[in-house]
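The structure displayed is predicted, hence computed values, not measured ones. Lettering follows sequence order; numbering is per chain, from 1.
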Protein chains: 2
Amino acid sequence: MTLRSALLALLSSGPLTGYDLVKQFSSSVGHVWHAPDSQIYPELRRMHAEGLLSSKPVPWGTRGATKTEYALAPAGEAALIEWQNQPLTYVRDRDPARLRAAYFEWAPSGVAAAQLRAHIAHYDEQRLQTLYMIQALEQRTHPTLARRLALYSEEEREHIVRFKVFAYEGQLAHAEQEIAWAKRGLQILEDIENPGTSDPVNEPGT
Amino acid sequence: MTLRSALLALLSSGPLTGYDLVKQFSSSVGHVWHAPDSQIYPELRRMHAEGLLSSKPVPWGTRGATKTEYALAPAGEAALIEWQNQPLTYVRDRDPARLRAAYFEWAPSGVAAAQLRAHIAHYDEQRLQTLYMIQALEQRTHPTLARRLALYSEEEREHIVRFKVFAYEGQLAHAEQEIAWAKRGLQILEDIENPGTSDPVNEPGT
DNA sequence: AGAAAATAACTATCAACATAGCTATTTGGT
DNA sequence: ACCAAATAGCTATGTTGATAGTTATTTTCT
């Protein structure tokens, strides 16, 4: 049901055809709730069948073909608000990187460190992406955001931008935390490989 | 396939019956990779069928009933090492809390703050649990860990404990980061509710 | 004009997970 | 000796999500 909320949230910025929605999804909400197009198309049809969305055929090309444009129906807007009213349900932890690390004693020599370096690379990349996203939001150049802001007063606009930036700051902090964690892990592995060469600042007594 | 690795990892501490495995799972590996018993039992049978596990019937009660005890077969041990050799595959972000926060403009007054307070409560709880876990690991009182350590030399024992503590420290840091994030969120909401009453330390010019 | 590539819009299939059951045995109380 | 509660072990079913297609239209290049 969360995908549904993500779609409602995206459509609250204005009507979109299926394809445009899929594209905009992956460069906006998709950053906090990923979904492939194969999940989006059927869900849109279900939401339409349940009256959350209205649809209208718009021409596609010159040969009379059409594509479907979806818009938030009143029931959809109500569902959005209802979603925000619902308490959050937390999914149980399922973290492949943590699982690996917990059993590093089974990793052949060197592999654990390589794993952690890959972890750092991954979150470094995500950190950068998130920074760009935050910039695009703050400068209001992000297309989906710009479209959304047009619907509101200036005061409300500021709040909306702050909420989105806040959400991405959470992602940013998470990425940075993962990087710091992996670096500590590399330190531990080094300590184990070369015992006795420990940093004298941290262990002044030995 | 990650559940499979988690089960192999747990069984590497010694043989277990299905039930005992389910119990120990939820109080050890399950903290980093949750799985319900309904997923564990069938997976065990599949792993046995594929030769990763050996099994032997052990008596249950006095009326001749038996239960199945599983142990890591050589192929299972190989699979464990192979798993550690594999590069990590990262799952795409799917974070309900972040998704909510990004669309707080749809939350009725007061609801967003309640959401964030619940977020803090949730991660406070997890933080505590993780702290206890780290303590049990460091003092080597955790039963599954104790059983595992018995199989190794003292030097290896120290490494094993460090790896597990390291993994849980990652969880701990994450929990603390989530708490800090939600607190910043509450601050933002307050700012929005009472504009002008902003902290003079942060905005000395106004 | 015709072929190749890019764009737009879906569909099918399968594995992973969550929820909610069910049955048999043992233990503890009367 | 018998019943209720707790323990042990497992199954069925539906939903969500990942992977990998397919079909039709438009644009670009020769």
Side-chain angles (χ1 to χ4, degrees), chain A residues 1-7 15-27 29-30 32-50 53 55-70 83 88-96 99, chain B residues 1-7 10-11 15-27 29-30 32-50 53 55-70 83 88-96 99:
Chain A
M1 293 305 281
T2 317
L3 170 60
R4 177 166 294 204
S5 307
L7 292 171
L16 286 165
T17 65
Y19 188 82
D20 289 341
L21 196 143
V22 165
K23 292 290 124 151
Q24 294 210 28
F25 190 94
S26 65
S27 62
V29 226
V32 288
W33 191 270
H34 170 80
D37 55 347
S38 67
Q39 215 186 338
I40 293 176
Y41 284 114
E43 184 63 27
L44 284 174
R45 243 173 298 118
R46 246 170 286 147
M47 289 163 76
H48 180 247
E50 293 175 35
L53 306 180
S55 77
K56 90 173 175 206
V58 297
W60 172 33
T62 51
R63 254 174 275 193
T66 60
K67 42 188 178 174
T68 315
E69 188 184 73
Y70 293 100
W83 164 61
L88 263 178
T89 54
Y90 289 89
V91 290
R92 304 308 226 73
D93 257 311
R94 212 167 254 145
D95 190 322
L99 179 61
Chain B
M1 291 305 282
T2 316
L3 170 61
R4 176 165 295 202
S5 308
L7 291 171
L10 177 51
L11 277 167
L16 286 165
T17 65
Y19 188 81
D20 289 342
L21 197 143
V22 165
K23 292 290 123 150
Q24 293 209 29
F25 191 93
S26 66
S27 63
V29 226
V32 287
W33 192 269
H34 170 79
D37 54 348
S38 67
Q39 214 187 337
I40 293 176
Y41 285 114
E43 184 63 26
L44 284 174
R45 245 172 297 120
R46 246 171 287 149
M47 289 163 76
H48 180 247
E50 291 175 37
L53 305 180
S55 77
K56 94 177 171 199
V58 297
W60 173 32
T62 51
R63 254 173 274 192
T66 60
K67 42 188 179 175
T68 314
E69 189 185 73
Y70 292 100
W83 165 60
L88 263 178
T89 54
Y90 290 89
V91 291
R92 303 311 228 66
D93 258 310
R94 213 166 253 143
D95 191 322
L99 179 60

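For the pair A:Ile40 CD1 and C:dC10 P, the interatomic distance rounds to 13 Å; values are reported in whole Å. Here C:dC17 presents its P atom at 12 Å from CZ of B:Arg4, a figure rounded to the nearest Å. With rounding to whole Å, B:Asp20 atom CG is found 13 Å from D:dT7 atom P. Between B:Asp37 atom CG and C:dC22 atom C1' there is a gap of 12 Å when expressed in whole angstrom units. In this structure, B:Arg46 atom CZ and C:dC14 atom C1' are separated by 13 Å, rounded to whole Å.
Between B:Phe25 and B:His34 the shortest heavy-atom distance is CE2-C, 4.3 Å. Pairing each heavy atom of A:Ser55 with each of A:Thr68, the nearest pair is CB-CG2, 3.7 Å.
Counting non-hydrogen atoms under 4.0 angstrom, A:Thr17 reaches the backbone sugars and phosphates but no base. Among the heavy atoms of the strands, none lies under 4.0 Å from B:Arg92.
Map B:Ala35 and A:Tyr41 each onto its nearest nucleotide of DNA chain C; the residue landing nearer the 5' end is A:Tyr41. Of the two residues near DNA chain D, B:Lys23 and B:Arg94, the one whose nearest nucleotide lies more 5' is B:Lys23. Ranked by how close their nearest DNA chain D nucleotide is to the 5' end, B:Gly18 and A:His34 are led by B:Gly18.
In the set C:dC10, D:dA12, D:dT16, D:dT16 carries the atom at the smallest distance from any side-chain atom of A:Gln39.
The side chain of A:Arg45 contributes an N or O atom lying less than 4.0 Å from OP1 or OP2 of C:dT11.
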